[in-house]
2 protein chains.
Amino acid sequence: MAASATREKIVTAADRLFYERGFEATSFAGVAELVGISRGNFYYHFRTKDEILDAVIERRIKDRHEMLEGWVDSNQTPKQCIASFIGILVMNNTKIRSFGCPVGTLFSELAKLDHPGGSGARELFDLFRIWLRRRFEEMGRGQDADALAMHILARSQGAATLANAYPDEPFLETEVAQMLAWLDAVAGSQDQNDEKD
Amino acid sequence: MAASATREKIVTAADRLFYERGFEATSFAGVAELVGISRGNFYYHFRTKDEILDAVIERRIKDRHEMLEGWVDSNQTPKQCIASFIGILVMNNTKIRSFGCPVGTLFSELAKLDHPGGSGARELFDLFRIWLRRRFEEMGRGQDADALAMHILARSQGAATLANAYPDEPFLETEVAQMLAWLDAVAGSQDQNDEKD
DNA sequence: ATGATTCTAGGACAATCGACCTAATATCAC
DNA sequence: GTGATATTAGGTCGATTGTCCTAGAATCAT
């Protein structure tokens, strides 16, 4: 098989296991077994566990970047773009209920491990933050665009964490509805050009 | 030394390491070293790692319970109580910036590990949730008291996660100020008896 | 087809994990 | 003080970890 294909399969499997089990709890053997290759073959493609982590983070950044830019390119208004971002919580609600937010939980773990890969995980936050900030700027919120972006990010993180803690309750949907209402209020005050959050 | 004293020191050390390094990444040897005892002695007090986890969670529940009830007993108004809860973020802001929320990060990790101790970690969420709900009820919010409690919980979790991701920014303080403003609005609408979040 | 290169399998390494055992020490009852 | 009990120290166990090595299989250029 082409080396790149095997490598891609490894990254896919590691991405999944890092999310579902955590980075520390995922072993070389576990990933190799999921892919269906030997541990030796594994080592041919990735020399250390950190290299896999870097590849997984890079993959996640690429995926999210394409998703975000896809919304922008499909002629959605800035407000619709932000609504689509909020909608991620609903779209992935099953996985979030089981394993939390892929971005937040990975970052939290790496922060505790004091792992150098933590800076890559922060890039994921930055990706969303900057993208959201730009959408708010396009909505005429040049002044507090970054604060609004951080606010949405934080509420998404909180919603994901509690959805994980209470997976059987419709909390996630309720919180998403509130966030969309908040977005409406922010967009509305864009025209009237006043009112604060 | 009295057995109970050594046991307490073990729980204290494990509590700290579980928070700062995570449950999985904390070893028997690490805790024993921090306490200053041998691994063998350790095993005399706790037969399995899960037993330590249970003891740590029990300790955390007890501590938080006493803190919350202390506020109630000190003749604070329900609104002041909730403000004190929000103030935890500021009081512990240094640790939160380094290691996130002790409740949320522990729960996330245990959820990924599919660990039975996860139910105990959820009790910690329940403790805050029920306490907050009661305070909102005392504020005359019988109808949506639970929703308001969950909302505050979620925003606290989100604020802690992002404060961990951006420890050098004053985001935590900003978010706390917004939460307190939100609390003012909720308390205000208590009298007028309308207005939604 | 033959040789060079790429890819894979499986074993081996030291280190560390949670867990367990035994012997020595400290504490206390009497 | 003496014996019973409670507590501690340190070694050991099999399993698993990340890492590494080597030999064989597959692929490709020529």
Side-chain angles (χ1 to χ4, degrees), chain A residues 1-58 106 109-110 112-118 120-121, chain B residues 1-58 106 109-110 112-118 120-121:
Chain A
M1 182 184 299
S4 61
T6 302
R7 193 188 149 97
E8 289 301 303
K9 286 166 69 175
I10 291 176
V11 174
T12 300
D15 190 354
R16 174 175 159 190
L17 292 184
F18 286 174
Y19 178 39
E20 297 183 355
R21 303 180 186 175
F23 172 72
E24 181 90 353
T26 297
S27 65
F28 272 56
V31 179
E33 187 185 15
L34 182 59
V35 178
I37 61 174
S38 65
R39 286 147 287 145
N41 187 8
F42 197 111
Y43 187 73
Y44 175 79
H45 295 280
F46 295 96
R47 295 176 60 84
T48 68
K49 200 178 179 184
D50 292 353
E51 282 188 19
I52 317 173
L53 176 62
D54 289 339
V56 167
I57 292 178
E58 192 178 347
L106 177 65
E109 182 181 2
L110 295 182
K112 281 185 194 301
L113 297 177
D114 211 9
H115 195 283
Chain B
M1 184 185 296
S4 61
T6 302
R7 192 187 149 98
E8 289 302 304
K9 285 166 68 174
I10 291 176
V11 174
T12 300
D15 190 353
R16 175 176 159 189
L17 292 184
F18 286 174
Y19 177 39
E20 297 184 355
R21 303 181 187 175
F23 172 72
E24 182 90 353
T26 298
S27 66
F28 273 55
V31 180
E33 187 186 14
L34 182 60
V35 178
I37 61 174
S38 64
R39 286 148 290 146
N41 187 8
F42 197 112
Y43 188 73
Y44 174 78
H45 295 281
F46 295 96
R47 296 178 59 84
T48 69
K49 200 178 178 183
D50 291 355
E51 282 187 19
I52 315 173
L53 177 62
D54 289 340
V56 167
I57 291 178
E58 193 177 347
L106 177 65
E109 181 181 4
L110 296 182
K112 282 186 194 299
L113 297 176
D114 211 9
H115 195 283

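Sequence lines set the chain letters: A, B, ... in the order given, protein chains first and strands last, and positions in each chain run from 1.
- The R39(B) side chain lies nearest to dT12(D) when the options are dA9(C), dT7(D), dT12(D).
- Look at H45(B) and you won't find any side-chain N or O under 4.0 angstrom from OP1 or OP2 of dA6(D).
- Between the CD atom of E8(A) and the C1' atom of dC7(C) there is a distance of 16 Å, given to the nearest Å.
- Listed by chain and number, the residues in a ring pair (Phe, Tyr, Trp, His ring centres under 6.0 Å) with F18(A) are F23(A) (sequence neighbours excluded).
- Atom CZ in F42(A) sits about 16 Å away from atom P in dC7(C), given to the nearest Å.
- Contact annotation: the side chain of H45(B) approaches that of N41(B) to within less than 4.5 Å [non-hydrogen atoms, C-beta and beyond].
- The CG atom of L106(B) lies 5.5 Å from the CD1 atom of I57(B); values are rounded to the nearest 0.5 Å.
- Atom CD1 of I52(A) is separated from atom P of dT17(D) by 13 Å (rounded to the nearest Å).
- OP1 or OP2 of dT7(D) has not a single side-chain nitrogen or oxygen of T6(B) nearer than 4.0 Å.
- Atoms CG (N41(A)) and P (dG10(C)) sit 11 Å apart, rounded to a whole Å.
- Within residues 18-28 of chain B, the residues that have a heavy atom under 4.0 Å from DNA chain C are, in order of number, T26(B), S27(B), F28(B).
- Distances from the side chain of K49(B) to the nucleotides dG18(C), dA6(D), dT17(D) place dG18(C) closest.
- Atom P of nucleotide dA25(D) and atom OH of Y44(A) are separated by 18 Å, given to the nearest angstrom.
- Between the two ends of the helix from dA1(C)-dT30(D) to dC30(C)-dG1(D), each summarised by a five-pair axis, the helix axis turns through 10° (rounded to 10 degrees).
- Legend: residues meeting ring pair (Phe, Tyr, Trp, His ring centres under 6.0 Å) with F28(B), ordered by chain and number and at least two apart, are F42(B).
- The interatomic distance linking F46(A) (CZ) with dC20(D) (P) rounds to 15 Å, in whole Å.
- The NZ atom of K9(B) sits 13 Å away from the C1' atom of dT7(D) (whole-angstrom rounding).
- The neighbour count for E51(A) CD, taken as heavy atoms of other residues, nucleotides or ligands under 6.0 Å away, is above 12.
- Across dA9(C), dG18(C), dC20(D), the shortest atom-to-atom separation from the side chain of I37(A) is found for dA9(C).
- Following rounding to the nearest Å, I10(B) (CD1) and dA9(D) (P) show an atom-to-atom distance of 10 Å.
- By the 6.0 Å contact criterion, CG on D114(B) is open, its count of non-hydrogen atoms from other residues, nucleotides or ligands being 12 or less.
- Place G40(A) and G30(A) on DNA chain D by their nearest nucleotides, and G30(A) ends up nearer the 5' end.
- Side-chain contact between D50(A) and H115(A): present, with at least one pair of heavy atoms (C-beta onward) separated by less than 4.5 Å.
- For F46(B), there are no ring pair (Phe, Tyr, Trp, His ring centres under 6.0 Å) partners at least two apart in sequence or on another chain.
- Proximity of a side-chain donor or acceptor of K49(A) to a complementary backbone N or O of T26(A) within less than 3.5 Å is detected.
- Across the interface with DNA chain D, nearest-nucleotide mapping of G36(B) and T48(A) shows G36(B) to be the residue nearer the 5′ end.
- For Y43(B), a side-chain nitrogen or oxygen approaches OP1 or OP2 of dC20(C) to under 4.0 Å.
- Applying the salt bridge (charged side-chain N to carboxylate O under 4.0 Å, His left out) test to every pair with at least one member in residues 14-24 of chain A, sequence neighbours left out, gives these pairs: D15(A)-R60(A), R16(A)-E20(A).
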